[in-house]
Amino acid sequence: MKLKIKEKEWLPMTQELLNWYKLNHRELPWRSSKEAYKVWLSEIILQQTRVAQGMSYYLRFCQNYATLADFAKAPLDDILKLWQGLGYYSRARNMHKCANQIISEFDGAFPQSYSELIKLIGIGKYTAGAIASICFDEAVPAIDGNAFRVYSRLFHISEDISKASTFKTFFELGQEIIPNDQSGDFNQAIMELGATICLPKNPKCEDCPIQHYCVARAKKAQQALPVKSKKVKVSQRYFNYLVLIHDSQVLIRQRGPKDIWQGLYDFPLIETKNHTKNRIFEFLNEQKWKDFEVLHRTEEYKHILTHQRLHIYFDVIEVRNWQDFKVFCQDNELERHEISELETLAVPKPIERFLQDEFPIQ
DNA sequence: AACCCGGGGAC
DNA sequence: GTCCCAGGGTT
């Protein structure tokens, strides 16, 4: 489908939209500045994340790292700790790489065009469009989930937004109608409209400033758009954590690549294919450990991710034989760590819950 | 093109 | 429960 439209023909609509945005937009901290570092920070934090959830993280990152240089020179573990609980931790790792890339390759100054921005790690088509338009007035669309919904309804586009090829349709459409000036405000207005008016389930069409331009509304087809086919299939996983303590220390490890929570810390883990709470004793026997005491066994912690449902148990075990503790540590790339300093490490949400709710044992 | 990667809130 | 959120990277 090739719509033959030009920016000029859509000026009445874009003006309505921009006026509405000017009068009704939410006051958000990242909107008070066009500094690329701050906009970048907010855009990455808000990827697949609601404003209400990302807000406190944005403020904390600004407080801790006022400039790109501050961010770049911080240890990755510190970034991850600040990111703890926000999810999609690759965002934090990629930001750290990106920041250092800008320091070393661009002399610390953010590149100012879509085509340069999109080459940076962690900055894709949406984020490049957002930064280029908001910070540098480039007339390029920023197509996020909101924009997909607004555009699909406004022009009644039934292409499946789950398909990669569909992005091109929406991007080119955006390029046709985006005003050459105020492109940043225009993109933000589209997203604001999607977030507050053009809602997925029950859009508030009567409050929409461009309702008279909306083809889906004319056809009463809002509910059917956008078309999205992709369904996730959820797998079940069973985690049995060994919380091995000795004196004031506990064994931990930093999680590696090719699984969830890369870079975060957790405990030695036995994963099983189903509920097998007693697997823990078989394991300890295999280790030929005899001098230990089970201090505490938790009930099941349920934790839901997009693609996985986790069933987690924690067994707190005091190891009385120091050599066992030490050898096991060396064999498994585990680290001994002071229990009192656990809170300085980035941990996954269920580990955080466990540490808060029932550790250390009284 | 298909799959992986978190956590939370609205309904 | 289902859907979606200011998506991007890897294979």
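Within every chain, numbering begins at 1; the chains are lettered A, B, ... in the order of the sequence lines, protein sequences first and strands thereafter. Worth saying up front: this structure is predicted, and the values here are computed from it rather than measured.
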Checking all strands, does [X] fall into the base, sugar-phosphate, or nothing category for heavy-atom contacts under 4.0 angstrom?
{"X": "A:Gly85", "value": "sugar-phosphate"}
{"X": "A:Ala130", "value": "nothing"}
{"X": "A:Trp83", "value": "nothing"}
{"X": "A:Arg26", "value": "nothing"}
{"X": "A:Asn94", "value": "sugar-phosphate"}

key: Strand-adjacent residues in residues 115-123 of chain A, judged by heavy atoms under 4.0 Å from DNA chain C   = A:Leu120, A:Ile121, A:Gly122, A:Ile123
Run the side chain to side chain donor-acceptor pair (under 3.5 Å) test against [X] and tell me which residues pass, sequence neighbours left out.
{"X": "A:Arg60", "answer": "A:Ser56"}
{"X": "A:Lys349", "answer": "A:Glu352"}
{"X": "A:Tyr126", "answer": "A:Glu43"}

request  = Sequence neighbours left out, what passes ring pair (Phe, Tyr, Trp, His ring centres under 6.0 Å) with A:His303? Give chain and number order.
outcome  = none
ask   = Sequence neighbours excluded, which residues qualify as ring pair (Phe, Tyr, Trp, His ring centres under 6.0 Å) partners of A:Tyr213?
value = none
query = So which of residues 134-142 of chain A are in contact with DNA chain B, with a heavy-atom cut-off of under 4.0 Å?
reply = none
Distance in angstrom units between [X] [atom1] and [N] [atom2], rounded:
{"X": "A:Tyr57", "N": "B:dG6", "atom1": "OH", "atom2": "C1'", "value": "10 Å"}
{"X": "A:Lys204", "N": "B:dA10", "atom1": "NZ", "atom2": "C1'", "value": "12 Å"}
{"X": "A:Glu192", "N": "C:dC5", "atom1": "CD", "atom2": "P", "value": "14 Å"}
{"X": "A:Leu46", "N": "C:dG8", "atom1": "CG", "atom2": "P", "value": "12 Å"}
{"X": "A:Leu86", "N": "B:dG8", "atom1": "CG", "atom2": "P", "value": "9 Å"}
{"X": "A:Arg91", "N": "C:dG8", "atom1": "CZ", "atom2": "C1'", "value": "10 Å"}
{"X": "A:Gln84", "N": "B:dG7", "atom1": "CD", "atom2": "P", "value": "9 Å"}
{"X": "A:Glu43", "N": "C:dC5", "atom1": "CD", "atom2": "P", "value": "15 Å"}

If you check every side-chain atom of [X], which of [options] has the closest atom?
{"X": "A:Pro350", "options": "B:dG7, C:dA6, B:dA1", "answer": "B:dG7"}
{"X": "A:Gln53", "options": "C:dA6, B:dC11, B:dG7", "answer": "B:dG7"}
{"X": "A:Ala195", "options": "C:dG7, C:dA6, B:dA1", "answer": "C:dA6"}

ask   = If only side-chain N and O atoms of A:Gln48 are considered, is one of them under 4.0 Å from the OP1 or OP2 phosphate oxygen of C:dG7?
value = yes
request  = Tell me whether the OP1 or OP2 atom of C:dA6 has a side-chain N or O from A:Ser42 closer than 4.0 Å.
outcome  = no
request  = Write down the distance separating the P atoms in C:dT10 and B:dG6, rounded off to the nearest Å.
outcome  = 14 Å
query = Roughly how far apart, to the nearest Å, are B:dC4 and C:dA6 at atom P?
reply = 25 Å
Pairing residues for A:Asp291 by the salt bridge (Lys or Arg N to Asp or Glu O under 4.0 Å) criterion, not counting sequence neighbours = A:Arg320
Using a cut-off of under 3.5 Å, enumerate the N/O to N/O pairs linking the protein to nucleotides 1-3 of chain C.
none

query = Would A:Arg253 and A:Glu333 pass as an ion pair if we require N to O under 4.0 Å?
reply = no
Basic-acidic side-chain contact under 4.0 Å: A:Glu159, A:Lys163 = no
Quick one: [atom1] on [X] to [atom2] on [Y], what's the gap to the nearest 0.5 Å?
{"X": "A:Asn24", "Y": "A:Thr196", "atom1": "CG", "atom2": "OG1", "result": "8.0 Å"}
{"X": "A:Phe267", "Y": "A:Leu334", "atom1": "CZ", "atom2": "CG", "result": "11.5 Å"}
{"X": "A:His246", "Y": "A:Leu244", "atom1": "NE2", "atom2": "CG", "result": "11.5 Å"}

Identify the pairs formed between an N or O of the protein and an N or O of nucleotides 2-5 of chain B at a distance under 3.5 Å, and give each distance.
{"residue": "B:dC5", "atom": "OP2", "partner": "A:Gln308", "partner atom": "NE2", "Å": "3.1"}
{"residue": "B:dC5", "atom": "N3", "partner": "A:Tyr88", "partner atom": "OH", "Å": "3.4"}

Without placing hydrogens or testing angles, list every side-chain donor-acceptor pair under 3.5 Å for residues 69-77 of chain A, not counting sequence neighbours.
{"residue": "A:Asp70", "atom": "OD2", "partner": "A:Thr67", "partner atom": "N", "Å": "3.4"}
{"residue": "A:Asp70", "atom": "OD2", "partner": "A:Thr67", "partner atom": "OG1", "Å": "3.1"}
{"residue": "A:Asp77", "atom": "OD1", "partner": "A:Gln254", "partner atom": "NE2", "Å": "3.3"}
{"residue": "A:Asp77", "atom": "OD2", "partner": "A:Tyr265", "partner atom": "OH", "Å": "2.8"}

Joint cluster assignment, A:Tyr241 & A:Leu295, ILVMFWY side-chain distance < 4.5 Å = yes
task = Mind listing the closest non-hydrogen atom pair of A:Ile197 and A:Trp20 along with its distance?
result = CG1-CZ2, 3.8 Å
key: Distance-only donor-acceptor test, A:Thr49 side-chain atoms vs B:dG8 base atoms, 3.5 Å   = no
note = Residues pairing under ring-ring contact (aromatic ring centres under 6.0 Å, His included) where one sits in residues 330-356 of chain A, two or more places apart or in two chains, turn out to be A:Phe314-A:Phe354, A:Phe354-A:Phe359
note = Contacts of A:Pro226 and A:Lys97 projected onto DNA chain C by closest heavy atom; the upstream (5') one is A:Pro226
request  = Verify the ring-centre separation between A:Trp261 and A:Tyr89: is it less than 6.0 angstrom?
outcome  = no
